[in-house]
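Everything on this sheet refers to the single structure shown next.
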Amino acid sequence: MKAIVDCNSFYCSCEKVFKPELNNKPIVVLSNNDGCIISLNDDAKALGVKMTGPYYQAKPVIEKYNVAVFSSNYNLYGDMSQRVMQTLKMLTGEENVEVYSVDECFINLDHIPAAELCKFALHLKKTVEEWTGVAVSIGVAPTKVLCKVANRLSKKNKKETKGVMVLHNEQEIKHALQKTAVTDIWGVGTRYALKLQSNNINTAWELRNTNEEWGRKNLGGIVGVRLIKELCGDPCGEIKEPLKVKKMITTTRMFGKPVTELKYIKEAVATYISRAAEKLRRQSCSVKTVHVFVVTNDYADVYKYNPQTRGSRVILPVATSVTNNIIRYALPLVDKLFCEGSRYLKAGVIFSVLEPDDCIQSNLFSAAVKNTRHSLMETLDNINFSMRDDAVKFVSSGLTRNWKMRQELRSGRFTSRWEELKEVR
DNA sequence: TCTGGGGTCCTAGGACCC
DNA sequence: TCTGGGGTCCTAGGACCC
């Protein structure tokens with residue numbers, strides 16, 4: 001058996017830990033740039049506020065009911081996430097925990113006797129809540145997909161389930177699947193949901209009873225086959241070692257307000273390259289292919305949101321993680337992409353084809369230079385880490401940066417900055 | 001008169017996730 | 001005035017190899 005442990009309204013819970021006066025009060029957390037609502041607690045949901053809706057649309061309700069609003073504070077959430085995961089690893093053994101995202105993980109429970117699963121899950125929940133202050137829900141079942149089903153039902157009816165649901169046998173699985181719409185299955189997005197519904201498959205139970213060949217044809221080949229097997233209780237995804245090394249690194253941000261000047265877009269792209277290169281060095285890799293993209297909103301009616309993406313890529317002669325090298329090759333792409341007169345909403349970079357630093361493929365046609373600037377980069381990373389982000393940066397990334405995103409309502413980085421430590425009198 | 005079959009690698013694009 | 005920022009996996013098709 002497996003479990004999924006999922007933090008309830010994670011970002012809101014993190015804010016609440018340091019502001020106990022918000023207990024039982026509605027809370028929302030906004031995306032970067034304060035654009036969208038990306039987390040809301042049950043109290044906010046009860047007021048009719050929608051997840052991932054634009055902030056401005058919900059503003060009337062938010063102001064009327066005095067909902068607490070925060071800009072996202074990823075330093076805080078990242079640190080709280082580690083505390084939750086660390087607690088679970090201590091309780092179940094590191095090798096049994098697969099961290100799946102910032103707020104959820106799968107746990108292998110094969111060593112727990114069937115009769116004790118529920119008790120054990122409740123123990124995990126209670127301990128995490130006591131040690132970190134973050135509330136969690138737990139779903140236990142034979143496969144990951146079924147765990148997600150159980151977890152969702154446990155959340156929907158917290159009073160009855162106490163936030164824990166175990167699917168012990170076929171009967172319980174059947175009952176749970178009948179209560180789950182296809183749109184709520186993990187692995188079914190809008191496209192697949194439409195296809196399923198047009199074939200008159202509306203519940204998870206109906207999907208489970210579909211034959212695998214139909215799934216192969218209509219739900220993305222092997223992906224669909226696995227999905228149906230998992231619903232049948234036949235595990236296709238085991239608890240995995242976490243991916244220590246990413247295969248792709250992306251950095252992208254909305255601008256604080258639309259930008260029309262080439263100069264500022266180049267500054268932003270240089271900044272994003274610096275950030276992505278930091279992430280790259282953290283996993284001791286170098287990048288071979290750099291993709292740069294910009295998003296415009298050119299429409300007769302400027303209020304209509306109709307983003308258009310244009311991108312271009314460059315393949316470096318030799319993979320590198322040296323920021324200024326990457327900037328040199330990638331920044332000219334911005335000149336190519338730029339159109340005078342467009343309004344730019346956003347830009348970003350994607351690093352793909354990542355090579356480990358210790359086995360970089362050299363180039364027959366360029367001199368065999370090593371990553372000689374590594375000590376410079378290391379120094380730069382150390383300064384920026386110990387002082388503040390961007391204490392030292394490249395001039396091409398701009399000095400004034402008036403394109404930067406808004407974060408007007410961010411709370412303190414209570415657990416990761418000494419100067420912002422929470423004081424108790 | 002007539003031109004194979006089997007394989008690998010890479011990339012773009014589509015789907016999904018939180 | 002105003003709509004996030006990351007990721008993953010899979011597949012099809014083209015280029016190339018012997």
Side-chain angles (χ1 to χ4, degrees), chain A residues 4-11 28-39 50-60 62 71-74 77-78 81 98-106 144-145 148 151-152 182-196 215-227 236-237 240 242-243 245-258 272 275-276 279 283 288-289 291 293 295 297 299 301-307 309 311-313 315 343 345-354 361 405-408:
Chain A
I4 186 156
V5 179
D6 181 312
C7 302
N8 300 341
S9 309
F10 181 56
Y11 296 170
V28 302
V29 175
L30 305 179
S31 63
N32 270 330
N33 224 29
D34 296 346
C36 267
I37 294 169
I38 51 170
S39 178
K50 287 271 177 326
M51 181 75 162
T52 61
Y55 174 41
Y56 76 94
Q57 277 178 10
K59 226 169 176 173
I62 285 174
S71 298
S72 34
N73 184 345
Y74 294 109
Y77 310 150
S81 171
E98 175 192 353
V99 177
Y100 175 71
S101 74
V102 70
D103 72 330
E104 18 182 316
C105 66
F106 289 102
K144 288 182 171 178
V145 172
K148 293 286 271 188
N151 183 242
R152 183 177 157 279
V182 285
T183 47
D184 295 321
I185 302 170
W186 188 51
V188 175
T190 43
R191 298 297 168 103
Y192 290 170
L194 280 174
K195 204 181 261 182
L196 286 165
R216 188 189 300 279
K217 248 193 175 147
N218 294 283
L219 302 175
I222 188 73
V223 179
V225 176
R226 274 188 217 150
L227 179 59
C236 300
K240 278 185 295 205
L243 274 182
V245 177
K246 286 179 196 135
K247 299 176 177 173
M248 180 180 101
I249 291 173
T250 309
T251 302
T252 166
R253 299 275 183 281
M254 296 283 296
F255 299 129
K257 50 180 187 269
Y272 304 154
R275 185 76 352 101
K279 297 181 198 170
Q283 63 173 42
K288 185 79 176 156
T289 304
H291 184 99
F293 65 92
V295 180
N297 189 31
Y299 210 70
D301 176 2
V302 293
Y303 298 108
K304 178 92 179 172
Y305 184 62
N306 178 39
T309 303
S312 182
R313 72 188 173 100
I315 298 173
R343 302 167 77 245
L345 297 183
K346 162 181 188 172
V349 298
I350 302 173
F351 289 1
S352 58
V353 190
L354 309 184
Q361 186 75 40
M405 65 184 179
R406 296 185 301 265
Q407 269 197 322
E408 286 158 4

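Computed from a predicted model, the values in this text were never measured in an experiment. Computation of the quantities below employed the complete heavy-atom set of this structure, encompassing side-chain atoms and omitting hydrogens, waters and symmetry-equivalent molecules. Here is how names work: the chains are called A, B, and so on, in the same order as the sequence lines, proteins then strands, and each is numbered from 1.
Within 4.0 Å (heavy atoms only), Ile185(A) reaches sugar-phosphate atoms of the nucleic acid but no base atom. As judged by a 4.0 angstrom heavy-atom cut-off over every strand, Met254(A) is placed among residues touching the sugar-phosphate backbone only. Across all strands shown, Val188(A) has heavy atoms under 4.0 Å from sugar-phosphate atoms exclusively, and none from any base. The residue Tyr55(A) sits apart from the nucleic acid: no heavy atom pair falls under 4.0 Å. Looking at heavy-atom distances under 4.0 Å, Lys195(A) makes no contact with the nucleic acid at all. No engagement by Leu219(A) is indicated, since no non-hydrogen atom pair under 4.0 Å with the nucleic acid exists. Residue Arg216(A) is classed as having no contact, given no heavy-atom separation below 4.0 Å to the nucleic acid. Contact annotation for Asn33(A): no contact, since no heavy-atom pair falls under 4.0 Å across all strands. Residue Tyr192(A) is classed as a sugar-phosphate contact, given heavy-atom separations below 4.0 Å to backbone atoms only. Contacts of Lys257(A) with the nucleic acid, taken as non-hydrogen atoms under 4.0 Å apart, are absent.
In this entry the distance linking CD1 of Ile222(A) with C1' of dG14(B) reads 17 Å, nearest Å. For Met248(A) and dG13(B), the CE to C1' distance is 13 Å, given to the nearest whole Å. Distance CD (Glu104(A)) to P (dC17(B)): 11 Å, rounded to an integer number of Å. In this entry the distance linking CZ of Phe293(A) with C1' of dA12(B) reads 16 Å, nearest Å. Rounded to whole angstrom, the span from the CG atom of Leu194(A) across to the P atom of dA15(B) amounts to 11 Å. A straight line from CZ of Phe255(A) to P of dG4(C) spans 13 Å, rounded to a whole angstrom. When rounded to the nearest whole Å, the span between CZ of Arg313(A) and P of dC10(B) equals 12 Å. What separates CG of Leu30(A) from P of dG4(C) is a distance of 12 Å, to the nearest Å.
Checked against dC18(B), dT3(C), dC9(C), the side chain of Lys148(A) finds its nearest nucleotide in dC18(B). Across dG4(C), dT3(C), dT11(B), the shortest atom-to-atom separation from the side chain of Pro54(A) is found for dT3(C). Ranking dT8(C), dA12(B), dC17(B) by closeness to the Trp186(A) side chain, first place goes to dC17(B). Side chain of Arg191(A), nearest nucleotide from dG6(C), dG5(C), dC16(B): dC16(B). Closest to the side chain of Ser101(A), out of dC18(B), dG4(C), dT8(C), is dC18(B). Of the listed nucleotides (dT11(B), dC18(B), dT3(C)), dC18(B) has the atom at the smallest distance from the side chain of Tyr100(A). Listed nucleotides dT3(C), dG5(C), dG6(C) differ in distance to Thr251(A); the shortest reach to its side chain belongs to dG6(C). Relative to the side chain of Tyr56(A), the nucleotides dG7(C), dC2(C), dG4(C) differ in distance, and dC2(C) lies closest. Counting only heavy atoms from C-beta on, Arg253(A) has its side chain closest to dG6(C) among dC10(C), dT11(B), dG6(C). Distance from the side chain of Arg343(A) is smallest for dC2(C) among the nucleotides dC16(B), dC2(C), dC18(B).
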**Request:** Tell me, with the steps shown, if Arg152(A) and Asp6(A) meet side chain to side chain contact (heavy atoms under 4.5 Å, CB included).
**Result:** CA-CA 10 Å; Arg152(A) 183 177 157 279; Asp6(A) 181 312; over 6 Å; no
**Prompt:** Yes or no on ring pair (Phe, Tyr, Trp, His ring centres under 6.0 Å) for Tyr100(A) and Trp186(A), after CA distance, side-chain angles and deciding distance?
**Reply:** CA-CA 13 Å; Tyr100(A) 175 71; Trp186(A) 188 51; 5.6 Å; yes
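Nucleotides dC16(C) and dG4(B) place their C1' atoms 16 Å apart, quoted to the nearest Å.
For dG7(C), one of the phosphate oxygens OP1 or OP2 lies less than 4.0 angstrom from a side-chain nitrogen or oxygen of Thr250(A). An OP1 or OP2 oxygen of dT1(C) is reached within less than 4.0 angstrom by no side-chain nitrogen or oxygen of Lys59(A). Phosphate contact (OP1/OP2 of dC10(C), side-chain N/O of Arg226(A), threshold under 4.0 Å): present. Here Lys246(A) does not reach the OP1 or OP2 of dT8(C): none of its side-chain N or O atoms lies under 4.0 Å away.
Map Gln57(A) and Gly220(A) each onto its nearest nucleotide of DNA chain C; the residue landing nearer the 5' end is Gln57(A). Between Gly221(A) and Tyr11(A), the one whose closest nucleotide on DNA chain C sits nearer the 5' end is Tyr11(A).
Between Phe293(A) and His291(A), the ring planes are tilted. Angles from 30° to 60° get that label.
The minimum heavy-atom distance between Ala276(A) and Val349(A), with the atom names listed, is CB-CG2, 4.1 Å.
Cation-pi geometry between Lys144(A) and Phe106(A) is met: under 6.0 angstrom from the ring centre, within 45 degrees of the axis.
Although no hydrogens or angles enter the test, the distance criterion places no donor-acceptor pair under 3.5 Å between the side chain of Lys50(A) and the main chain of Gln57(A).
When side chains are defined from C-beta on, Tyr272(A) does not count as touching Thr252(A), because their heavy atoms never get closer than 4.5 Å. Between Gln283(A) and Leu354(A) there is a side-chain heavy-atom pair separated by less than 4.5 Å.
Taking a pair to require two hydrogen-bonding distances under 3.5 Å in either a Watson-Crick or a G-U wobble arrangement, dC18(B) pairs with dG5(C).
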